[in-house]
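Following: one structure in structure tokens, then a few remarks.
Values below: all heavy atoms of this structure, side chains included; hydrogens, waters and symmetry mates excluded. It should be emphasised that the depicted structure is a prediction, and the values quoted were computed from it without experimental measurement. Every number for a ligand or one of its atoms is a count from 1 in the order of the listing.
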Amino acid sequence: MLKVTKAVIPAAGYGTRFLPATKSQPKEMLPIIDKPTIQFIVEEAVKSGITDIIIITSHQKASIENHFDRSLELEMVLEKAKKYEELKLIREISELVNIHYVRQKEQLGLGHAILCAKTFVGNEPFAVLLGDDVVRNDEYPAIKQLIDVFLEKQRSIVGVQKVAKSEVHKYGIVSVATPITLEHPTAKVIDMIEKPKLEEAPSEFAVLGRYVLTPDIFTYLETQQAGLGNEIQLTDSIRRLAKDTEVYAYQFIGKRYDVGSKIGYLEATIDYALSRKDLREDFISLIKQRIK
Ligand code: G1P
């Protein structure tokens, strides 16, 4: 039985939706309160049993590498100042997991970014986590849920949730062989369309940044023609894979935040603030004052 120990996190995009904050700083480093969004993603992978992560980067992403590296100078300063809690916190980040980096030299699309991980992944199934989708489920992380479905099916799995009709044009949308429900969260994928118009959308189930893929996906990615937006789309290759073999959609459980959008980013910030013991009370009274 094949296990899933590797994960790919694409982080090579320009982050144009968050300019000017992302002019010289990767969007993946924007914090939800005090933790960069990419750390949420890495921690989800680690909690799910992933031992090796490859982050697909581009130029101007050095701060991501620095974040997951040790910072001996800062450690020294904290140690001298007897700030042991902070010291522990930053050391733990560098000890989380093995992280590897590869650069995507041209931003040719998500499919192309995943293809950059081919040598690292080799002939194993692997997880993909997109940084724009932060999913909250502290007990049972979203990617672990997908991995568990993979272990049973031994086929590629795409993580989906239902989105509003007005939102289908933002996502990869699946059509499935059997209805997806809470009792039956897994269904065979028949088709998949990248960012369809509402009239063309085969359902309201959107792929929300979590995948477990079998390595044969690379064969499809290598021959993938550019699709929507003239980009090499991962959706188009999974679609072809689903025509040749079985691919499953699985409705994962967890609150998902689109931190790539401003309102989703604010929503995540509010929810995380409300769930933080050290902030909750002050934050509530602050909001109460403001909306009076
Ligand atoms: C990507 C994928 C899309 C998926 C989405 C989830 O789009 O291409 O299929 O539904 O992520 O966030 P992007 O948002 O990067 O344009």
Side-chain angles (χ1 to χ4, degrees), residues 7-18 22 26-28 30 37-38 40-41 44 55-58 104 106-117 127-136 142-143 146 156-176 180 189-198 200-213 217 220-221 224-242 247-252 254-265 267-268:
V8 179
I9 303 178
Y14 287 113
T16 48
R17 288 193 286 177
F18 268 93
T22 49
K27 69 169 172 184
E28 293 79 11
L30 295 178
T37 55
I38 194 163
F40 284 88
I41 306 289
E44 177 185 333
I55 300 182
I56 316 295
T57 66
S58 57
Q104 184 189 20
E106 280 178 280
Q107 268 65 83
L108 299 178
L110 178 60
H112 179 261
I114 301 299
L115 185 55
C116 295
V128 175
L129 300 94
L130 304 188
D132 280 348
D133 301 287
V134 168
V135 184
R136 184 144 200 197
I143 201 67
L146 265 75
S156 291
I157 314 290
V158 296
V160 300
Q161 280 189 347
K162 204 168 181 175
V163 296
K165 284 197 169 74
S166 57
E167 303 261 288
V168 293
H169 70 279
K170 293 185 188 169
Y171 301 106
I173 303 292
V174 293
S175 86
V176 284
I180 292 177
V189 172
I190 294 176
D191 205 353
M192 236 171 124
I193 309 179
E194 180 68 8
K195 305 194 174 86
K197 292 192 189 109
L198 181 57
E200 284 148 23
S203 78
E204 287 148 45
F205 282 96
V207 178
L208 294 179
R210 296 293 181 276
Y211 312 76
V212 173
L213 299 172
I217 193 67
Y220 295 84
L221 287 171
Q224 188 59 55
Q225 303 286 313
L228 188 75
N230 205 26
E231 289 186 2
I232 297 174
Q233 297 288 354
L234 178 60
T235 299
D236 293 343
S237 285
I238 299 176
R239 175 184 203 213
R240 286 163 59 215
L241 178 67
V247 169
Y248 290 90
Y250 163 78
Q251 178 177 238
F252 60 84
K255 168 72 183 151
R256 170 255 176 193
Y257 300 94
D258 173 14
V259 297
S261 83
K262 284 167 201 174
I263 205 74
Y265 183 76
E267 187 190 12

Item to check | For atom 5 (C) of ligand 1, the option (of Val174, Val207, Val168) bearing the nearest heavy atom | outcome: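 It is Val207 that holds the nearest heavy atom.
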Checklist entry - Got an N/O contact under 3.5 Å between Lys195 and ligand 1? => result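 Between Lys195 and ligand 1, an N or O pair is found under 3.5 Å apart.
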Checklist entry - Do ligand 1 and Lys170 have nitrogen or oxygen atoms that lie under 3.5 Å from each other? => result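 Such a contact does not occur with ligand 1.
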List every atom of ligand 1 that sits less than 4.0 Å from any heavy atom of [X], numbering the atoms from 1 in the order shown and giving each element.
X	value
Gly172	3 (C), 4 (C), 9 (O), 10 (O)
Asp133	6 (C), 12 (O)
Thr235	9 (O)
Tyr171	6 (C), 10 (O)

Checklist entry - Judged by modelled atom types alone, do Gln233 and Arg239 share a side-chain donor-acceptor pair under 3.5 Å? => result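 There is no such pair (donor and acceptor under 3.5 Å, judged by atom type) between the side chains of Gln233 and Arg239.
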Item to check | Identity and distance of the protein heavy atom lying nearest atom 11 (O) of ligand 1 | outcome: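 Minimum-distance protein heavy atom for atom 11 (O) of ligand 1 reads Leu130 CD1, 3.3 Å.
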Next on the checklist: Students should be able to answer this: which protein heavy-atom is nearest to atom 2 (C) of ligand 1, and at what distance?
Outcome noted: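 Looking at atom 2 (C) of ligand 1, the protein heavy atom closest to it is Glu194 OE2, 3.6 Å.
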Next on the checklist: Is the shortest side-chain heavy-atom distance between Ile143 and Val212 below 4.5 Å?
Outcome noted: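 Sidechains of Val212 and Ile143: in contact.
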Could you tell me which non-hydrogen atom of [X] sits nearest to which non-hydrogen atom of [Y], and how far apart they are?
X	Y	value
Val168	Ser203	CG1-O, 4.0 Å
Pro10	Leu110	CG-CD1, 3.7 Å
Gln104	Ser58	O-CB, 4.0 Å
Leu146	Phe252	CD1-CB, 4.2 Å

Item to check | Under-4.0 Å heavy-atom contact with ligand 1, by part of Leu234 that carries it | outcome: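 Neither; no heavy atom under 4.0 Å.
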Item to check | Pair Asp132 + Lys170: basic N to acidic O under 4.0 Å | outcome: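 Result for this pair is no, no salt bridge flagged.
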